[in-house]
S.K.: 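Have a look at this one before I ask anything.
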Amino acid sequence: MRYSIFGLARQALSGHRGWQPAWRDAAPKPAYDVIIIGGGGHGLSTAHYLAKEHGITSVAVLEKGYIGSGNAGRNTTIIRSNYLLPGNNPFYEWSMKLWEGLEQDLNYNTMVSQRGVLNLFHSDAERDAAARRGNAMRMHGVDAELLDADGVRRLLPILDFENARFPIKGGLLQRRGGTARHDAVVWGYARAASSRGVDIVQNCEVTGFIREGSRIVGVETTRGPIRAKKIGMAVAGSSSRVAAMAGLRLPIESHVLQAFVSEAIKPCIPNVVTFGAGHFYISQSDKGGLVFGGDIDGYNSYAQRGNMPMVENVCEGGMALLPWIGRLRMLRSWGGIMDMSMDGSPIIDRTPVDGLYLNSGWCYGGFKATPASGWCFAHLIARDEPFKVAAAYRLDRFSSGHLIDERGQGAQPNLH
Ligand SMILES: Cc1cc2nc3c(=O)[nH]c(=O)nc-3n(C[C@H](O)[C@H](O)[C@H](O)COP(=O)(O)OP(=O)(O)OC[C@H]3O[C@@H](n4cnc5c(N)ncnc54)[C@H](O)[C@@H]3O)c2cc1C
């Protein structure tokens, strides 16, 4: 069923009785060409591009809960391509270009809002770093503007510019960055993949792998064994646990990242803004709530909830930037499990186990990567070679030393 203004009018006139479910909730078949483990954004986008770009439609996406119940439905919805390093920059810009055409591609309103992402700086040294990043972006054809304090003031007069410790000296703005509605992205990819014949199987946890010699030829699941010629893992924070079932130890740590939403207030924050002197980022949802977050909890965990010290830490960042935020009531907070890689950049690669492919290491930034991640993972699975913009995301870079250390902080996930 295609969505259009005429279809909407028809449904309105007939009492909205003709809408069909957006995707098929499939029962698993005994075998497929490709199985994707994980019904988050990355797993579903991979299935969509496998079907659309490579004509591979014998595909199952296996999800242990319901689709979007992981990080895809828990993130703060920020999309951007303001990366410094050549390994990352073309990949995230590829993603941004896919975001810009996503609603037409999926025939689904994913509420992509290019409201701009502004990274503030508070010292001369931070200005130098922002200028360097902005120059690198522009050399790669990505939009970037360096604003002084007056430029920021024109966009966001509501910020505290005269904070004694962290006065705002300016910001690096990417106007094409912004937000997209995270669960609509999940539903849109699910619907598009399902309409091309992909089976989306919910409540189907992968509990083991079926091997024939050195090759993996299927998975054991809570809904029975399912065989496939190729199997892709896109399980984000569960990567190390699922890889361990195949005998692999990954350069990944799992940490909780929390997010928060306040009560709704009048529109006052038109862009996405990040504090430069600590880890705090904020935007305002269409309903009026302020959506914000900060650092990961500093220890490893698989629990989808966080702890109080990080709540305090995030709110301190908020108070430094917007002192009036302390008078708002917090409505909700939640946590998701991040797959933190040892250099802060992702992995899209074959594994040493035949038949098994890996998509992981997304850290804080995997939502914005959703379209490109799926595009590149589908290309890898279909053709057994990396797509050009993801060629650097190799698993063996951690042993060969070809790290993509965007933050320059080394193997310290709690600092990424
Ligand atoms: C609080 C928070 C804020 C964030 N903010 C942003 C942001 O603003 N911008 C941004 O770019 N990124 C952000 N991220 C990161 C982003 O959400 C993730 O990197 C991205 O969603 C990960 O890919 P995914 O969508 O496929 O993961 P997920 O949605 O987590 O998908 C993985 C799926 O695998 C399933 N699974 C796990 N084990 C199994 C198994 N054994 N069998 C079957 N299924 C299994 C899980 O149930 C899950 O649904 C944020 C994350 C969090 C938690």
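Ligands are counted one by one from 1 in listed order, and the atoms in each one are counted from 1 as well.
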S.K.: Looking only at distances, please establish whether an N/O atom of ligand 1 is found under 3.5 Å from an N/O atom of G65.
M.R.: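 No, no N or O pair falls under 3.5 Å.
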S.K.: Nearest non-hydrogen contact with atom 11 (O) of ligand 1 belongs to which option: R80, K368, R74?
M.R.: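 Looking at heavy atoms only, the winner is K368.
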S.K.: Counting heavy atoms only, which part of V242 comes closer than 4.0 Å to ligand 1: side chain, backbone, both or neither?
M.R.: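 For V242, the contact with ligand 1 is made by the side chain alone.
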S.K.: Could you check whether the rings of F91 and Y393 sit parallel, tilted or perpendicular, using 30° and 60° as the cut-offs?
M.R.: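 It falls in the perpendicular class, over 60°.
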S.K.: What protein heavy atom is closest to atom 5 (N) of ligand 1, reported as residue, atom name and distance in Å?
M.R.: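 The protein heavy atom lying closest is T76 OG1, 2.9 Å.
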S.K.: Measuring from the heavy atoms of A234, does anything fall under 4.0 Å of ligand 1?
M.R.: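 It does, in that a heavy atom of A234 comes within the 4.0 Å cut-off of ligand 1.
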S.K.: Taking only Lys NZ, Arg NE, NH1 and NH2, and the carboxylate oxygens of Asp or Glu, determine whether K230 and D33 approach each other closer than 4.0 Å.
M.R.: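 Between D33 and K230 there is no salt bridge, as every charged N stays at least 4.0 Å from the carboxylate O atoms.
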S.K.: Between I37, N71, V272, flag the one that comes closest to atom 28 (P) of ligand 1 by a heavy atom.
M.R.: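 Going through I37, N71, V272 one by one, N71 has the nearest heavy atom to atom 28 (P) of ligand 1.
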S.K.: In terms of residue, atom name and distance, what is the protein heavy atom nearest to atom 31 (O) of ligand 1?
M.R.: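 Heavy-atom neighbour on the protein nearest atom 31 (O) of ligand 1: G40 CA, 3.3 Å.
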S.K.: Starting from atom 52 (C) of ligand 1, find the nearest protein heavy-atom neighbour and note its residue, name and distance.
M.R.: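 Checked against all protein heavy atoms, atom 52 (C) of ligand 1 sits closest to L257 CD2, 3.7 Å.
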S.K.: Tell me which protein heavy atom sits closest to atom 16 (C) of ligand 1, plus the residue, atom name and distance to 0.1 Å.
M.R.: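 Ranked first by proximity to atom 16 (C) of ligand 1 is F367 N, 3.4 Å.
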S.K.: Could you tell me whether R153 sits above the aromatic face of F161, with NZ or CZ closer than 6.0 angstrom to the six-membered ring centre and within 45 degrees of the axis?
M.R.: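 Judged by the rule (NZ or CZ under 6.0 Å from the ring centre, within 45° of its axis), R153 counts as positioned above F161.
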S.K.: Hey, what's the ring geometry for F275 with H122, parallel, tilted or perpendicular (30° and 60° as the breaks)?
M.R.: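 It falls in the perpendicular class, over 60°.
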S.K.: Could you list the atoms of ligand 1 found under 4.0 angstrom from a heavy atom of C363?
M.R.: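 Ligand 1 atoms under the 4.0 Å threshold to C363: 15 (C), 19 (O).
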S.K.: What I want to know is whether E205 and ligand 1 share at least one N or O pair that is separated by under 3.5 angstrom.
M.R.: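 No, E205 has no N/O under 3.5 Å of an N/O on ligand 1.
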S.K.: Is a side-chain N or O of Q284 found less than 3.5 angstrom from the main chain of K266, in a donor-acceptor match?
M.R.: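 Here the side-chain-to-backbone pair exists.
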S.K.: Look at D105 together with R191 and state whether they make a salt bridge at an N to O cut-off of under 4.0 Å.
M.R.: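 No.
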S.K.: Taking NZ, NE, NH1 and NH2 as the nitrogens, is one of them in K29 or D199 under 4.0 Å from a carboxylate oxygen of the other?
M.R.: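 The answer is yes: the pair qualifies as a salt bridge.
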S.K.: May I ask you to check whether K64 has an N/O atom sitting below 3.5 Å from an N/O atom of ligand 1?
M.R.: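 Right, the criterion is met.
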S.K.: Can an N or O of W334 be found at a distance shorter than 3.5 Å from an N or O of ligand 1?
M.R.: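 No: no nitrogen or oxygen of W334 is under 3.5 Å from one in ligand 1.
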S.K.: Any idea which atoms of ligand 1 are less than 4.0 Å away from a heavy-atom of A72?
M.R.: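 Matching atoms, with element in brackets: 21 (O), 25 (O), 28 (P), 29 (O).
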S.K.: What atoms in ligand 1 come closer than 4.0 Å to a heavy atom of G41?
M.R.: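 Reading through ligand 1 atom by atom, the close ones are 24 (P), 25 (O), 26 (O).
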S.K.: Cation-pi check for F367 against R74: NZ or CZ below 6.0 Å from the six-membered ring centre and within 45 degrees of the axis, yes or no?
M.R.: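 Not flagged: R74 not positioned over aromatic ring of F367.
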S.K.: Looking at ligand 1, does A369 have a heavy atom less than 4.0 Å from it?
M.R.: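 Judged by the 4.0 Å heavy-atom criterion, A369 does not count as contacting ligand 1.
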S.K.: If the cut-off is 4.0 Å to any non-hydrogen atom of H42, which atoms of ligand 1 fall inside it?
M.R.: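 Reading through ligand 1 atom by atom, the close ones are 23 (O), 24 (P), 25 (O), 26 (O).
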S.K.: Could you check whether S254 and N300, counting side-chain N and O atoms only, form a donor-acceptor pair closer than 3.5 Å?
M.R.: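 N300 vs S254: no donor-acceptor pair found between side chains.
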S.K.: Do the rings of H379 and H54 sit parallel, tilted or perpendicular, given the 30° and 60° boundaries?
M.R.: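 Rings of H379 and H54: perpendicular, over 60°.
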S.K.: For G293, is the nearest heavy atom under 4.0 Å from an atom of ligand 1?
M.R.: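 The answer is no: ligand 1 sits nowhere under 4.0 Å from a heavy atom of G293.
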S.K.: Give yes or no for whether the N/O distance cutoff of 3.5 Å, strictly under, is met between G335 and ligand 1.
M.R.: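 Looking only at distances, the answer is no, because the N/O contact criterion of under 3.5 Å is not met.
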S.K.: One thing to verify: whether R133 and E126 come together as a salt bridge, which I'm taking to mean a side-chain N less than 4.0 angstrom from a carboxylate O.
M.R.: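 Judged by the 4.0 Å cut-off on N to carboxylate O distance, E126 and R133 do not form a salt bridge.
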S.K.: Which atoms of ligand 1 sit under 4.0 Å from any heavy atom of S238?
M.R.: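 Listed by number with element, the hits are 37 (C), 38 (N).
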S.K.: Can you find a heavy atom in the side chain of V59 that is under 4.5 Å from one in the side chain of Y32?
M.R.: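 No, their side chains stay 4.5 Å or more apart.
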S.K.: In terms of atom number and element, which parts of ligand 1 are under 4.0 angstrom from non-hydrogen atoms of A259?
M.R.: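 Ligand 1 atoms under the 4.0 Å threshold to A259: 1 (C).
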S.K.: Number the atoms of ligand 1 from 1 as they appear, then name those within less than 4.0 Å of a heavy atom of A236, with their elements.
M.R.: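 Once the distances to A236 are compared, the set is 22 (C), 27 (O), 30 (O).
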S.K.: Which protein heavy atom lies closest to atom 48 (C) of ligand 1, and at what distance to 0.1 Å?
M.R.: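 Checking every protein heavy atom, the shortest distance to atom 48 (C) of ligand 1 gives E63 OE1, 3.4 Å.
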S.K.: When you compare ligand 1 with Y66, is there at least one nitrogen or oxygen pair between them that comes in under 3.5 angstrom?
M.R.: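 Such a contact does not occur with ligand 1.
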S.K.: Working to the nearest 0.5 Å, report the span between CD of E385 and CG of L380.
M.R.: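 Spacing of CD (E385) from CG (L380) equals 9.0 Å.
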S.K.: Give the residue and atom name of whichever protein heavy atom lies nearest to atom 4 (C) of ligand 1, and the separation in Å to one decimal.
M.R.: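 Checked against all protein heavy atoms, atom 4 (C) of ligand 1 sits closest to N75 CB, 3.1 Å.
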S.K.: Using 4.0 Å as the upper bound for N to carboxylate O, is an ion pair formed by R176 and E100?
M.R.: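 Salt bridge between E100 and R176, a charged N being under 4.0 Å from a carboxylate O: yes.
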S.K.: Does R241 count as lying over the ring of Y302, i.e. NZ or CZ under 6.0 Å from the six-ring centre, within 45 degrees of the axis?
M.R.: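 Judged by the rule, R241 and Y302 form a cation-pi pair.
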S.K.: Below 4.0 angstrom, N of the basic side chain to O of the carboxylate: do D343 and R407 qualify?
M.R.: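 The answer is no: the pair does not qualify as a salt bridge.
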S.K.: Give the atoms of ligand 1, by number and element, whose distance to some non-hydrogen atom of M338 is under 4.0 Å.
M.R.: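 The atoms of ligand 1 under 4.0 Å from a heavy atom of M338 are 15 (C), 51 (C), 52 (C), 53 (C).
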S.K.: How close does the nearest protein non-hydrogen atom get to atom 36 (N) of ligand 1, and which residue and atom is it?
M.R.: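 For atom 36 (N) of ligand 1, the nearest protein heavy atom is V235 CG1, 3.8 Å.
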S.K.: Got the closest protein heavy atom to atom 14 (N) of ligand 1, with its distance?
M.R.: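 Answer for atom 14 (N) of ligand 1: Y364 O, 3.0 Å.
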